[in-house]
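Both counts, for ligands and for their atoms, begin at 1 and track the order of listing.
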Amino acid sequence: MNTLIQNCINKKLSKTPIWLMRQAGRYLPEFRSIRKKNQDFIKLCLNTKLSSEITMQPITRFDFDAAIIFSDILLVPYALGQQVSFEKNFGPNLQKINLKTLNEIKKEDFLKKLDPVYKTIKKIKTKLSVNNKDTIGFVGAPWTLLLYMLNRKSPKGANFNVFPKDKHTNDIMVKLDKFLKIHIEAQIKSGVSIIQIFDSWAGLLQEKDLEYFVYKPIKSLVDFIKQKKTVSICFPRNINNYKKFVENVNPDVISIDYNTDPTIIRDTVDITVQGGLDPKILLQNKEIIRNEVTKYLKTFDGKRYIFNLGHGVLPNTNPNMVKYLVDVVRSFNGK
Ligand code: 1CP
């Protein structure tokens, strides 16, 4: 039996599937109580018992149609030998890249470091497929990872008008392509049915640089995922032209941000669409939530659409409002 998301991609429309980016995270009190006792975030991601438990928390609470593995895009730089820590109220903090380590890293050592992630997938996979739910694995896109690796902290608020396409950049991009494929393959072998590629900072680039930093490297990953007969979802956040992205990259699903007009996407893009709702709407009252959610559902009514947000759930979101959102989506019966 197919999952709702597989049906949605194969045009067999029944119900609108729903899951949320960052559904396993800081807005949930049950996550916060585990996090309080586990100060080292990387260690927490690599604790199979706890990361399985955290992955399942939003499924237990809201019965979402898919679970996204509790992990982080920055585990890849970490496994490539770059130290990563997360500081409260600051975000990620990366040590300088060691090119020698990066050049010498072996596939076996990389996989060994990330083995707990694959164990987590295996552990939860059975439970999820019995309930006909998808298990979503993910990676950061090469551009977003490159940016964290070179900037060594969040690029929030930064403006990269010129970003060098020099040998140093190219060498790192080549390494990322290789090791992201290794990470993707290991997640697929462990049992994920979908890979989402997060290009959270694609919107910082100028149009002329998208080909080099976004389309080409993501297409390489999407083609690889296709060869493995697995579904790909791309989230090139805040780019101006999703149609052009889809034409160049050709993923199974395109995930849109909240600055994009959903009607234009509906009228110009021919693949399954995911997401869009501004996560700040969940901080509003029920009436506003219902109206805004219904806008998206009506826009994509009769189309292949996966309900999600236009970025991750915000930490100050009330879980009751997430429950309400799920109820609104599940009870929608068309126009
Ligand atoms: O308690 C804490 O402080 C940790 C907060 C946290 C969590 C819950 C971080 C730190 N990462 C995560 C989990 C996470 N990250 C998941 C797990 C599953 C889920 O979605 O529920 C996923 C898919 C990610 C992906 C991720 N990490 C992205 C891409 C999506 C996005 O939000 O744009 C990015 C950019 C990161 C980097 C990251 N991880 C954490 C922080 C604070 C940051 C930096 C964000 C920034 O630069 O603004």
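The protein heavy-atom contact nearest to atom 29 (C) of ligand 1 is S200 OG, 3.3 Å. For atom 41 (C) of ligand 1, the closest heavy atom belonging to the protein is F86 CE2, 3.8 Å. In terms of protein heavy-atom proximity, atom 37 (C) of ligand 1 is nearest to D72 OD2, 3.7 Å. Among protein heavy atoms, atom 22 (C) of ligand 1 sits closest to F138 CZ, 3.7 Å. At the top of the distance list for atom 3 (O) of ligand 1, counting protein heavy atoms only, stands R35 NH2, 3.6 Å. In this structure, atom 36 (C) of ligand 1 lies nearest to the protein heavy atom R22 NH2, 3.4 Å. Nearest protein heavy-atom neighbour of atom 14 (C) of ligand 1: S71 O, 3.2 Å. Counting only heavy atoms of the protein, atom 43 (C) of ligand 1 lies nearest to P92 CD, 3.9 Å.
Here the CD1 atom belonging to I97 is positioned 14.5 Å from the OH atom belonging to Y148, to the nearest 0.5 angstrom. Taking OG1 from T135 and CD1 from I59, the interatomic distance works out to 9.0 Å, rounded to the nearest 0.5 Å.
Ligand 1 lies out of reach of F235, whose nearest heavy atom is not under 4.0 Å from it.
Judged purely by distance below 3.5 Å, without hydrogens or angles, the side chains of D257 and Y242 pair a donor atom with an acceptor atom. Judged by distance alone, the side chains of T144 and D199 do bring a donor and an acceptor atom under 3.5 Å apart. If you check the side chains of S190 and Q187, you find no donor sitting under 3.5 Å from an acceptor.
Centroid-to-centroid, the aromatic rings of F163 and W143 come within less than 6.0 Å.
Each of the following atoms of ligand 1 lies closer than 4.0 Å to a heavy atom of H311: 31 (C), 32 (O), 33 (O). Every atom of ligand 1 with a heavy atom of S154 under 4.0 Å away is listed here by number and element: 46 (C), 47 (O), 48 (O). Close contacts of ligand 1 with K156, meaning ligand atoms under 4.0 Å from a residue heavy atom, involve 48 (O). Taking every non-hydrogen atom of I73 and a distance limit under 4.0 Å, the qualifying atoms of ligand 1 come out as 25 (C), 26 (C), 27 (N), 28 (C), 34 (C), 35 (C), 36 (C). Contact atoms of ligand 1 toward I68: 18 (C), 19 (C), 20 (O), 21 (O), 23 (C) (distance under 4.0 Å to a heavy atom of the residue).
Between K100 and E104 there is a salt bridge, since at least one side-chain N of the basic residue sits less than 4.0 Å from a carboxylate O of the acidic one. The pair K133-D63 counts as a salt bridge, with a side-chain nitrogen and a carboxylate oxygen less than 4.0 angstrom apart. With respect to the salt-bridge test (charged N to carboxylate O, under 4.0 angstrom), the residues D65 and R330 qualify.
The residue from K175, K167, H168 that alone fulfils the side chain to side chain donor-acceptor pair (under 3.5 Å) condition with D171 is K167.
If you look at R26 next to ligand 1, the close heavy atoms, those under 4.0 Å, all belong to the side chain. Residue contacts with ligand 1 for I69 involve N, CA, C or O but no side-chain atom from C-beta outward (heavy atoms, distance under 4.0 Å).
Between F64 and F62, the ring planes are tilted. Angles from 30° to 60° get that label.
In this comparison of F31, F70, F41, Y27, the heavy atom closest to atom 4 (C) of ligand 1 sits on F41.
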